[in-house]
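Only this structure's heavy atoms are used, side chains among them; waters, hydrogens and symmetry mates stay out. Each ligand, and each atom within it, is numbered from 1 in the order the structure gives.
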Amino acid sequence: MRCPPPLQIGPVQVDPPLVLAPMSGITNVPLRLLVKEHGAGLVCNEFISGYGLFHGNARTQDYLLFEDSERPVSSQIFGADPAKMAIAARQVADRGADILDLNLGCSVKKIVRSGAGACLLQTPLEVYRVVAAIIAAVAIPVTIKIRLGWSEECLTGLEVAQGCQELGVAAVAVHGRTATQAYRGVANWARIAEIKAALRIPVIGNGDVRTPQDAARLLATTGCDGVMIGRAAQGNPWIFSRTVAWWQTGVLPPEPTADERLDTALRHGELMLHYKGPRRCAEEMRKHLAWYAHGLPGAAAFREQVNAAPSWEAQVALVERFREALQRFRAGAAAPLD
Ligand SMILES: Cc1cc2nc3c(=O)[nH]c(=O)nc-3n(C[C@H](O)[C@H](O)[C@H](O)COP(=O)(O)O)c2cc1C
């Protein structure tokens with residue numbers, strides 16, 4: 001499989017066409033920097049409340065922060081009130097984001113109850129009002145991230161994507177599930193292919209890409225212009241570097257070694273410490289350390305210990321202890337961790 005051509009989103013070139021999916025609570029600056037270093041063409045931040053921005057909420061505005069080395073960066077907002085979303089969109093553009101993405105896929109109850117996220121897929125006309133207001137408010141390209149529809153009985157994804165294309169949306173990311181499906185079942189790539197075939201603008205396929213082979217298969221079977229990767233990037237920025245290397249050389253690099261995983265986990269924690277401070281770092285690194293250790297012998301015991309550790313320093317000591325236990329294990333000792 002040769003390297004697919006860059007993805008063009010308005011004036012923004014995404015090369016390679018591999019995109020880190022927005023994930024609330026996960027795709028903050030530290031993960032985005034690591035994923036970028038591993039060759040992702042585009043990173044997206046965690047989704048941001050358009051209403052929070054509208055009301056000048058300082059914590060919401062913090063989500064707009066990014067480093068220049070992350071560029072191009074897509075900032076995603078959610079909300080359903082066209083006038084407020086237009087003001088929020090202007091803030092996103094003023095903060096220097098390269099792309100503004102509208103969330104039309106979130107199926108979390110709190111968001112849906114507010115009429116935002118995937119709830120809007122039930123009322124395409126409401127989507128168009130919000131999209132038209134945003135497009136009129138900013139000069140940067142506007143994209144949407146959708147699901148196939150609200151439910152099997154309400155498969156409006158294609159209609160919404162076509163309507164938004166006519167309004168001037170620059171690209172569409174499609175998660176191949178419905179909102180009522182949440183994350184159950186399998187992403188339906190055939191339906192992503194139908195949406196791709198019906199649009200002129202670039203389409204980014206998303207859902208269940210777990211390996212470089214999956215990324216290539218999604219492109220081949222859907223005809224999509226790009227691939228978006230979410231959960232498989234958790235504790236695994238190598239999903240990007242291995243895919244890119246495979247495309248460029250035809251040789252699939254091996255999985256990272258245990259040492260590489262732990263080294264990157266430590267680096268992730270140092271970045272977290274820098275950007276989030278000691279308390280948030282220790283809290284947030286629990287899940288990341290578990291992801292980096294996943295599948296290694298003794299990972300369950302390591303996870304338990306990390307969850308009980310009071311600080312990042314204590315977590316670092318546990319990582320080093322885990323590393324030594326793994327070395328002993330490789331040398332023939334029985335239990336990797338007690
Ligand atoms: C923990 C978590 C948080 C997510 N947060 C967002 C979000 O803020 N905005 C969004 O559009 N999608 C969000 N998603 C959905 C992902 O972007 C993606 O569409 C979904 O996980 C399917 O892709 P995957 O199979 O590669 O994970 C989230 C997913 C997860 C697992």
K.L.:
Please state which protein non-hydrogen atom is closest to atom 31 (C) of ligand 1 and give its distance, to 0.1 Å?
P.N.:
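It is R231 CG, 3.6 Å.
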
K.L.:
Show me which atoms of ligand 1 lie under 4.0 Å from any heavy atom of N103.
P.N.:
9 (N), 10 (C), 11 (O)

K.L.:
Would a distance-only check, ignoring hydrogens and angles, find a side-chain to backbone donor-acceptor pair under 3.5 Å from E313 to Q315?
P.N.:
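Looks like no, no N/O pair under 3.5 Å.
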
K.L.:
Can you tell me which residue and heavy atom of the protein come closest to atom 13 (C) of ligand 1, and the distance to 0.1 Å?
P.N.:
P22 O, 3.0 Å

K.L.:
Do me a favour and list the nearest non-hydrogen protein atom to atom 1 (C) of ligand 1 with residue, atom name and distance?
P.N.:
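Among all protein heavy atoms, the one nearest atom 1 (C) of ligand 1 is I26 CD1, 3.5 Å.
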
K.L.:
Only heavy atoms of K145, strictly under 4.0 Å: list the atoms of ligand 1 that pass.
P.N.:
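In order of number, 10 (C), 11 (O), 12 (N), 15 (C), 16 (C), 17 (O), 18 (C), 19 (O).
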
K.L.:
Check each heavy atom of D208 against ligand 1 and say whether those closer than 4.0 Å belong to the side chain, the backbone, both or neither.
P.N.:
both

K.L.:
Is it the case that R147 places NZ or CZ above or below the six-membered ring of Y183, under 6.0 angstrom from the centre and within 45 degrees of the axis?
P.N.:
yes

K.L.:
For atom 26 (O) of ligand 1, find the nearest protein heavy atom and state the residue, atom name and distance (0.1 Å precision).
P.N.:
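So the nearest neighbour among protein heavy atoms is G230 N, 2.8 Å.
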
K.L.:
Just by modelled atom types, is the I140 backbone N or O under 3.5 Å from a matching donor or acceptor in the D98 side chain?
P.N.:
no

K.L.:
Is there a donor-acceptor pair closer than 3.5 Å between any side-chain N or O of R177 and the backbone N or O of G185?
P.N.:
yes

K.L.:
Considering only non-hydrogen protein atoms, determine which one is nearest to atom 3 (C) of ligand 1 and report residue, atom name and distance to 0.1 Å.
P.N.:
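In this structure, atom 3 (C) of ligand 1 has S24 N, 3.3 Å as its nearest protein heavy atom.
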
K.L.:
Does G50 offer a backbone N or O that forms a donor-acceptor pair with the side chain of K84 under 3.5 Å?
P.N.:
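Answer holds: no.
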
K.L.:
For atom 11 (O) of ligand 1, which candidate among R177, E46, Q76 holds the nearest heavy atom?
P.N.:
Q76

K.L.:
Which of the numbered atoms in ligand 1 are below 4.0 angstrom from a heavy atom of A21?
P.N.:
17 (O)

K.L.:
Could you tell me whether a side-chain N or O of Y63 sits under 3.5 Å from a main-chain N or O of S49, the two making a donor and an acceptor?
P.N.:
no

K.L.:
Return yes when G105 approaches ligand 1 closer than 4.0 angstrom through a heavy atom, no otherwise.
P.N.:
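Under 4.0 Å: no for G105.
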
K.L.:
To check your reading of the model: name the closest protein heavy atom to atom 20 (C) of ligand 1, its residue, and the distance in Å.
P.N.:
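Nearest neighbour among protein heavy atoms for atom 20 (C) of ligand 1, to 0.1 Å: Y183 CE2, 3.7 Å.
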
K.L.:
Run through V19, T222, L18 and flag the one making a side-chain contact (heavy atoms from CB on, under 4.5 Å) with V227.
P.N.:
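Between V227 and the candidates, side-chain contact (heavy atoms from CB on, under 4.5 Å) is satisfied uniquely by L18.
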
K.L.:
Between E194 and R191, does a salt bridge (Lys or Arg N to Asp or Glu O under 4.0 Å) hold up when you go through it step by step?
P.N.:
CA-CA 5 Å; E194 284 168 22; R191 289 210 181 123; 5.3 Å; no

K.L.:
Suppose we measure from atom 23 (O) of ligand 1 to each protein heavy atom; which comes out shortest, and what is that distance?
P.N.:
N206 ND2, 2.9 Å

K.L.:
Under the 3.5 angstrom rule, does the side chain of Q165 hit a backbone N or O of I201 as a donor-acceptor pair?
P.N.:
yes

